[in-house]
Amino acid sequence: METAKKSVKKSLLSEGKVVSTAMDKTLVMIVETRKTHPRFKKIVRRTVKMKVHDEKNECQVGDRILAIETRPLSREKRHRLFKIVEKAK
């Protein structure tokens, strides 16, 4: 028997920081992207909040996580917890 490794497209993963765990089996994470402005050459930060499905309620506020894009799970949830990168201190 061969153990199959699951390969995941990098474009489906989002890394961010947990800002809220008030809901059951749902957390809110914030994803920050940095881009250079085409005209002014200044680095501009853009943040997006997204709701992530956390089946076991294992994340806390301040954790850095990886979320993977999935089918719509509710009206606003489109991501599922993939891995906890770093626990909050």
Test log, rule side-chain contact (heavy atoms from CB on, under 4.5 Å), inputs L81 and C59
CA-CA 9 Å; L81 179 66; C59 289; 3.8 Å; yes
Could you pull out every donor-acceptor pair under 3.5 Å between side chains of residues 39-47 and any protein atom, sequence neighbours left out?
unit_1	atom_1	unit_2	atom_2	d
K41	NZ	P38	O	2.7

In terms of heavy-atom contacts, does NZ of K49 have more than 12 from other residues, nucleotides or ligands at under 6.0 Å?
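At most 12 heavy atoms, drawn from other residues, nucleotides or ligands, come within 6.0 Å of this atom.
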Do you know which two heavy atoms are closest between [X] and [Y], and how far apart they sit?
X: H79; Y: L73; answer: O-CD1, 4.0 Å
X: A88; Y: G62; answer: CB-C, 3.7 Å
X: Q60; Y: D63; answer: N-OD2, 2.9 Å
X: G16; Y: M29; answer: N-CE, 3.4 Å

Steps toward side-chain contact (heavy atoms from CB on, under 4.5 Å) verdict (E55, H53)
CA-CA 6 Å; E55 185 65 38; H53 184 68; 2.8 Å; yes
Could you go through the salt bridge (charged side-chain N to carboxylate O under 4.0 Å, His left out) check for D54 and K25 one step at a time?
CA-CA 5 Å; D54 182 12; K25 296 187 179 182; over 6 Å; no
How far apart are the C-alpha atoms of E69 and R78, what are their side-chain angles, what is the distance that settles it, and do they pass the salt bridge (charged side-chain N to carboxylate O under 4.0 Å, His left out) test?
CA-CA 6 Å; E69 194 175 324; R78 304 292 189 266; over 6 Å; no
I'd like to know whether M50 forms a side-chain contact (heavy atoms from CB on, under 4.5 Å) with V31, so could you lay out the CA-CA distance, the side-chain angles of the two residues, the decisive distance to 0.1 Å, and finally the verdict.
CA-CA 8 Å; M50 55 179 66; V31 178; 4.0 Å; yes
The criterion is side-chain contact (heavy atoms from CB on, under 4.5 Å); which residues satisfy it with I68, sequence neighbours excluded?
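Once residues adjacent in sequence are excluded, the partners of I68 under the side-chain contact (heavy atoms from CB on, under 4.5 Å) criterion are V8, L12, L13, T70, R80, F82.
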Result of checking K77, E76, K51 against T26 for side-chain hydrogen bond (donor to acceptor under 3.5 Å, both in side chains)
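The option that passes is K77.
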Verdict with reasoning, N57 to D24, per side-chain contact (heavy atoms from CB on, under 4.5 Å):
CA-CA 7 Å; N57 287 325; D24 186 35; 3.0 Å; yes
Side-chain contact test, heavy atoms from C-beta onward, threshold under 4.5 Å: evaluate it for I65 versus V18 and give yes or no.
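A side-chain contact under 4.5 Å exists here.
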